[in-house]
Amino acid sequence: MNASITAVGSLTVDEVREVLIAATAAPSLHNTQPWRFRCTPNAIELHADPDRALKAADPDHRELVLACGAALLNLRLAIRSFGAVPDVRQFPEHERPTLLAAVRACARRPATPAERELAAAIPKRRTNRKPFREDLVPTVLQEHLRQAAEAERGWLAVLDRSQRSVLSALSRKAHQAQLDDPEFVAEWQHWTGRSDHERDGVPARTSGPTPEPQDEFVVRDFSGGNSRTRVAGKDFEPEPLICVLGSFQDSRHAQLQAGMAMQRVLLTATANGLASSFLSQVVEVPDTRRELRELLGCGLWPQIVLRIGYGSPVPATPRRPLEDVVTAEHRG
Ligand SMILES: Cc1cc2nc3c(=O)[nH]c(=O)nc-3n(C[C@H](O)[C@H](O)[C@H](O)COP(=O)(O)O)c2cc1C
């Protein structure tokens, strides 16, 4: 029994526990799970955990905030699935900068079927680094994904073939810049290629196939050098659906909001039988992120690049137990 988990507003202790499990199912760069939660009688607080920031890959903590935004969307949806209405205050206290949001659960109103569908997708969503089937994602589903981003004030740009080839070149350039940085490589080796028993970092068994030169996009090898080689020369799906989730600002607020938009896109994909993975190199290296911004036009800030399609099942990645992430302290 974790004494830090208490009833909050109209939610019982058991409901709060379920809500927190849903929040921690969010994706995070290298599965660092850079969040902490605190229960007060009236609200669940979501804190960024800067001790889990990736200094080389994410020095500005932008992706850390994206991951916390994804956790916040999960939290909101889980609260709705219990028939309560979340009232979210973002960055509520200036003097506590790691406090990203305080979420109250007050009024009661039954969840809509759409909300239930998204909440049900939370434990099913996984990062799928394997090649997808050749089937194209129908335009009607692409439109659902766009609407999911817009529902959270984000923008999802689906790249055409010529934009994809520019992105592919930028992604190679960014990947090489990262491999040339010994701090990035050391951090990478620390967080990836993990055994199945570890509760954070990326397990080797969730890696995709060994990257090969003819692959359109450089896929990161999470296997710690032990990925299985597939048939040499066999490519990933020939017409991948590559989307860039963008925001209209690049402030902390905008990044938290973009994390919610990213997660709504991923859950909408999952609910519609689609698999997804991330191609983050290009948005981690400042020069290539700037070039991608020019490619998108419209002043959009690219926050994350996603690959979406029809995949085969992949294993889940573990999470830390709630005891490790729910705190009783009042930390700033
Ligand atoms: C901001 C962000 C960036 C990520 N970048 C990558 C990436 O470049 N390549 C990749 O394979 N996975 C990437 N991931 C996925 C994480 O590795 C994954 O979420 C984590 O290992 C947990 O696994 P799960 O998503 O299956 O729950 C990223 C996730 C987030 C939130």
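Note: hydrogens, waters and symmetry copies are ignored here, and every other heavy atom, side chains too, is used. Each ligand, and each atom within it, is numbered from 1 in the order the structure gives.
Residue-to-ligand polar distances place Arg220 within reach of ligand 1: an N/O pair is separated by less than 3.5 Å. On a distance-only criterion, Ser28 and ligand 1 share at least one N/O pair closer than 3.5 Å.
With respect to atom 6 (C) of ligand 1, the closest heavy atom belonging to the protein is Phe278 CB, 3.3 Å. For atom 30 (C) of ligand 1, the nearest non-hydrogen atom of the protein is Leu29 N, 3.5 Å. Ranking protein heavy atoms by distance to atom 12 (N) of ligand 1, first place goes to Arg129 NH2, 3.5 Å. Scanning the protein heavy atoms around atom 19 (O) of ligand 1, the nearest turns out to be Pro27 CB, 3.1 Å. Atom 21 (O) of ligand 1 has Asn31 CB, 3.5 Å as its closest protein atom, hydrogens excluded (heavy atom only). Remark: minimum distance from atom 3 (C) of ligand 1 to any protein heavy atom is reached at Ser280 OG, 3.2 Å. From the protein, the heavy atom lying nearest to atom 26 (O) of ligand 1 is Thr127 N, 2.8 Å.
Looking at residues two or more places apart in sequence or on another chain, you find a salt bridge (charged side-chain N to carboxylate O under 4.0 Å, His left out) between Asp135 and Arg133. Thr40 is linked by a side chain to side chain donor-acceptor pair (under 3.5 Å) to nothing, counting only residues two or more places apart in sequence or in another chain.
In the vicinity of Val202, heavy-atom distances shorter than 4.0 Å reach the ligand 1 atoms 21 (O). Taking every non-hydrogen atom of Glu63 and a distance limit under 4.0 Å, the qualifying atoms of ligand 1 come out as 1 (C), 3 (C). Less than 4.0 angstrom separates some heavy atom of Thr317 from each of these atoms of ligand 1: 22 (C), 23 (O), 26 (O). The ligand atoms of ligand 1 that sit less than 4.0 angstrom from a heavy atom of Ile304 are 1 (C), 2 (C), 3 (C).
Taking the six-membered ring where the residue is Trp, Phe184 and Trp188 present parallel rings, their angle staying beneath 30° rather than reaching 60°.
Remark: side-chain polar atoms of Arg293 are not paired, donor with acceptor, to backbone N or O of Thr288 under 3.5 angstrom. Between the side chain of Arg80 and the backbone N or O of Arg109, at least one donor-acceptor pair lies under 3.5 Å. Between the side chain of Asn42 and the main chain of Val8, no donor-acceptor pair closer than 3.5 Å is present.
Both tests hold for Arg129 against Phe222: distance to the six-membered ring centre under 6.0 Å, angle to the ring axis within 45°.
Taking 4.0 Å as the cut-off, Ser277 does not count as a neighbour of ligand 1 on heavy-atom distance.
Under a 4.0 Å N-O distance rule, the pair Arg76/Glu152 qualifies as a salt bridge.
The distance from atom CD of Gln303 to atom CZ of Arg62, rounded to the nearest 0.5 Å, is 5.0 Å.
When the options Asp250, Asp60, Asp58 are evaluated for a salt bridge (Lys or Arg N to Asp or Glu O under 4.0 Å) with Arg289, the one that passes is Asp250.
Taking each of Gln281, Arg319, Arg194 in turn, the one with a heavy atom nearest to atom 27 (O) of ligand 1 proves to be Arg319.
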